[in-house]
Student: 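Sharing a structure here in structure tokens format.
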Amino acid sequence: MIQRLYNWTLSLAQHRHALWALACVAFVESSVFPIPPDIIMIPMILAQPRRAWLIAGVALVASVLGGLLGYAIGALAFDSIGQPILASLGKADAMAEFSERFNDMGFWAVLVAGITPFPYKVITIMSGWTGMPLATFVATSVLARGVRFFILAGLLWHFGAPIRDFIERRLGLMFTLALALLIGGFVLVKYL
């Protein structure tokens, strides 16, 4: 089953609309969706390594634009949209305390969340809700998401064939690790 899913994802990565699908996932991941764009990005780059930089660029632009939607949700619609999203991630109770500390460390919070598996949407919504300066938010988002996506693209572009071979030989293990990282990110959000 995992092999079929992997083969389907690789074939989807070569589809003529794959960049649009990546852009949509990267956009909504930054504000409401729990699945990171890396899950689409990795097979796309493995399938077409010559397009690695374009793929990373699309993910970056769409993610930052989605981050602006998250920021707007936090700034303009926190009570009706932002709070339920954060509550579903187990963060509703920590809002007031987090708000006080957030803007003191806002640059670092956005940078860390943008690079790591920590759900970026939490930080985008909180940035708007706490009133982080928009210029700081955008600049840090571009830096963080750029580092994340372009390092991933560079590694896959340079080591693509051996990485693809490694993944394909250990597909069950890779699937388990990816699932553990995803669950670990949600657990981390719940207890931070």
Student: State the CG-CD1 distance between L69 and I73, to the nearest 0.5 angstrom.
Tutor: 4.0 Å
Student: Answer yes or no: is there a side-chain heavy-atom contact under 4.5 Å between P49 and L156?
Tutor: no
Student: According to the interplanar angle, ranging from 0 to 90°, do the rings of Y120 and F137 count as parallel (below 30°), tilted (30 to 60°) or perpendicular (above 60°)?
Tutor: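 Rings of Y120 and F137: parallel, under 30°.
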Student: Provide the closest heavy-atom pair for A23 versus A62 in the form atom of the first, atom of the second, distance.
Tutor: O-CB, 3.3 Å
Student: Linking I/L/V/M/F/W/Y whenever any side-chain heavy atoms sit under 4.5 Å apart, do L134 and W129 land together?
Tutor: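 The answer is yes; both residues are in one hydrophobic cluster.
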Student: Can you tell me how far the CD1 atom of I45 sits from the CD1 atom of I55, to the nearest 0.5 Å?
Tutor: 5.0 Å
Student: For the residue pair E29 and P37, establish whether any side-chain heavy-atom pair is separated by less than 4.5 Å.
Tutor: yes
Student: Same cluster or not: are M44 and L54 linked, directly or through other Ile, Leu, Val, Met, Phe, Trp or Tyr residues, by side-chain heavy atoms under 4.5 angstrom apart?
Tutor: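 Both belong to a single hydrophobic cluster.
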Student: First locate atom OG1 of T124, then atom CE of M132, and finally report the distance between them rounded to the nearest 0.5 Å.
Tutor: 11.0 Å
Student: Rounded to the nearest 0.5 Å, how far does CD1 of I123 lie from OG1 of T130?
Tutor: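 It comes to 9.0 Å.
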Student: Is there a path of hydrophobic side-chain contacts, each under 4.5 Å between heavy atoms, that joins F149 and L155?
Tutor: yes
Student: Rounded to the nearest 0.5 Å, what separation is found between the OG atom of S63 and the CG atom of L68?
Tutor: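 The OG atom of S63 sits 10.0 Å away from the CG atom of L68.
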Student: How close do L60 and V142 get, counting heavy atoms only, and between which atoms?
Tutor: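 Minimum heavy-atom separation between L60 and V142: CD1-O, 3.6 Å.
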Student: Are L152 and V147 connected in the hydrophobic side-chain network, where two residues link if heavy atoms are under 4.5 Å apart?
Tutor: yes
Student: What are the two closest heavy atoms between S30 and A26, and how far apart are they?
Tutor: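 Closest heavy-atom pair between S30 and A26: OG-O, 3.2 Å.
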Student: Work out which heavy atom in I40 is nearest to a heavy atom in A21; give both atom names and the distance.
Tutor: CD1-O, 4.4 Å
Student: With rounding to the nearest 0.5 angstrom, report the CG to CD distance, L19 to Q48.
Tutor: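 L19 CG to Q48 CD: 8.0 Å, rounded to 0.5 Å.
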Student: If we only count heavy atoms from C-beta on, is the M41 to L22 side-chain gap below 4.5 Å?
Tutor: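 The answer is yes, as the side chains (C-beta and beyond) meet within the 4.5 Å cut-off.
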Student: Taking atom CH2 of W20 as the centre, report whether more than 12 heavy atoms of other residues, nucleotides or ligands fall under 6.0 Å from it.
Tutor: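 12 or below, so no.
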Student: Judged by atom type as modelled, is there a donor-acceptor pair below 3.5 Å linking the side chain of S31 to the main-chain atoms of G70?
Tutor: no
Student: Any idea how W157 and W53 line up, ring-wise: parallel (<30°), tilted (30 to 60°), or perpendicular (>60°)?
Tutor: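 W157 vs W53 ring planes: tilted.
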